[in-house]
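Structure record follows, encoded as structure tokens.
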Amino acid sequence: MSVTALRLIQCRRLSTAGQPDSERLTPSCVKNTDTVLYFTHVCSCSGCVFISYELVALDKAVTLDTSAVLQEKYKSQVYLKATPSDENENLTAGLTHKTRKELHKAARRLLEMSSRLFLQSLDEHFSHVDADPHEVALWVLLKRTQSANKAIRLQAVQELADNHHWHDYQYQTAAQVIDQRTAVGLARTPQVDLRFFRQPPALPEMQEVLSAEDGLRQLLASLPQSEVDKCVQYFTSLALRESSQSLAAQRGGLWCFGGNGLPYAQSLTSVPSEKVESFCLQALVQHSKVQSHCDYIVSNGGLQLLQRVYQLRRDSPKIQRNIVRIIGNLALNEGVHQAIIQSGWLSVLAEMMQSPHVMQASHAARALANLDRETVEEKYQDGVYILHPQTRGNQPIKADVLFIHGILGAAFKTWRQKDPSTSEEKEAESKDDYTECWPKSWLAADCPNLRVLSVEYDSHLSDWMAKCPAENQRKSLAYRSQELLKKLKQAGVGERPVVWVAHSMGGLLVKKMLLDASGDPDMDGLLNNTKGILFYSVPHHGTFMAEYSVNVRYLLFPSIEVRELCKDSPALLNLNESFLNIAKEKDFKVLSFAETLPTNIGPMIKILVVPTQSANLGIGELIEVDVDHLNICKPERKDSFLYKRSLQFILEALQSYISH
């Protein structure tokens, strides 16, 4: 059956008379125009629609402005801007391009109507449309991202990102119509085009709002003090001036210990704004770890405020990392995902993911992984970082490798390549792509089907160096073990074969965690799936350093961590004996490296931090290396013995699991 009809369609455009440059499309701002499209033939045959059309006139070109504004509360809206055509500058080409866009939209609406009438999919209709295939392909992929079939959705997102030939207006269109799930998927796709994401709102005029510094103080003052430890109270008090503290006093003096004032609090009147903001952000990091506080942060405008600070401090990577760390913590709560995305954070995270700096990219990767509920089941708590894979990919993950740092270490700096010692070496290294984190750069490339995680926890050589002097008793090995076990369980560690890589005190922490797991039925998976442990200068029998620290000024008041490392400590001996029993029973593969060079502890002190006899666990292979304690876990090059032997051990421990 076929039907032929003649239709006249009046097109409407935005009125430009007396209107601002950018208006939201509403009935009140739409008027008739002289633009007329004559559809000379509309023919339907076997469920297919054929349209021929003729353009009579077009007065104005219509362009798309995709920016969302703060006043609209980040709602998904399309903004149109009316721009007069310049007859002296490519009028014909401009009209043709804009007209085709509008006609494609009209054709799409007709096709959608016919699709409902004939109960056929939009894809089938598009296959018969006489239109630009590139235009059709975009809409087909966008529709497939909404498929009920997960595999189809994932493939569509990948194809959207892989096609780097979309026009600018097509990216803008996609940014407006893609849903939250698709946007997160695109952000986690390698080297995605950032035009897929709506940009954060422009910064408001400073005279109309509080300064970022004052805004952070107000946000902190609005947060409850329940479920936070003394360190949070310390950082918060440090960040507030007297005026804010007096405001808190009206609420019962909750910012102060016992309501009598915090002896560590100090006036920050003369401190630079960036330093104050840093104090505030450290306090917010702690608050964001408390689930019940996350809703307060969001409802009190925290996401928008953090966005402002992020944009203002683009020259401060440390402040930016702390902000994204907070976003990553908030993203653990699915109830605030929509608020995070609507406040423009996806474009920020996607951009940071492409940073050449490992720390920046890894903070963004953690936040995006916590937002991605389509392909990621695990949740990455504060201090647990994904080094590989940081993006979505087709490579199946067969096993996990966990890196645990030691005293004064960190999730990234502990595992960097050895720093060059001479100017010649520095010049050579600059040519050889020096890596800030060899597990991410080297191990991930050599073992792409491994998940590589790095764990960070606060550890201090002395109480003088503690970040929070308000907490007199530092956290013990036993406390940290329980804390990390909970985080690792949420990250899915124990569901696959595991190899642990630990430096210094980190090795004692690994032993303690495995010992604790042996007594917890819920952690059987972690214990049974542990296949190997790689120790870099771990003081299984203690270290003389803990005793030296008593006599050295800047190592005064050794923290609990150091006191636990005293040579032949009964606690260490008991830990080692208990662990050996488990290791033999479970047949763990073990490789230990021992330092042979002394380490510079101060201007006048050099000591062998972990002697060979202390680094000897009693089982497995022990290898002595001519390096000091700090560099025992930092290979000089990818082809160095230290890295090659470490890689060999990991591959051998996981051979039967990753070879097929």
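Along the sequence shown, residues carry numbers from 1.
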Which residues share a ring pair (Phe, Tyr, Trp, His ring centres under 6.0 Å) with Phe197, sequence neighbours left out: none
Residue set satisfying ring pair (Phe, Tyr, Trp, His ring centres under 6.0 Å) with Phe403, at least two apart, ordered chain then number -> Trp415, Trp438
Residues forming a side chain to side chain donor-acceptor pair (under 3.5 Å) with [X], sequence neighbours excluded:
X	answer
Gln338	none
Glu334	none
Glu351	none
Ser454	none

Among all residues two or more places apart in sequence or in another chain, which pass the side chain to side chain contact (heavy atoms under 4.5 Å, CB included) test with [X]?
X	answer
Asn333	Gln291, Cys294, Val336
Gln146	Asp179, Arg181, Thr182
Ala444	His388
Gln395	Pro448, Asn449

Does anything in residues 285-305 pair up under salt bridge (charged side-chain N to carboxylate O under 4.0 Å, His left out), and if so which pairs, sequence neighbours excluded? Lys289-Asp382
Residue pairs, two or more places apart or on separate chains, that pass ring-ring contact (aromatic ring centres under 6.0 Å, His included) and touch residues 305-353: Tyr310-Trp345
Can you say whether the rings of Tyr169 and His167 are parallel (under 30°), tilted (30 to 60°) or perpendicular (over 60°)? parallel
Pair Lys634 + Asp419: basic N to acidic O under 4.0 Å: no
Any side-chain donor near an acceptor of the partner, Arg313 and Asn322, under 3.5 Å: no
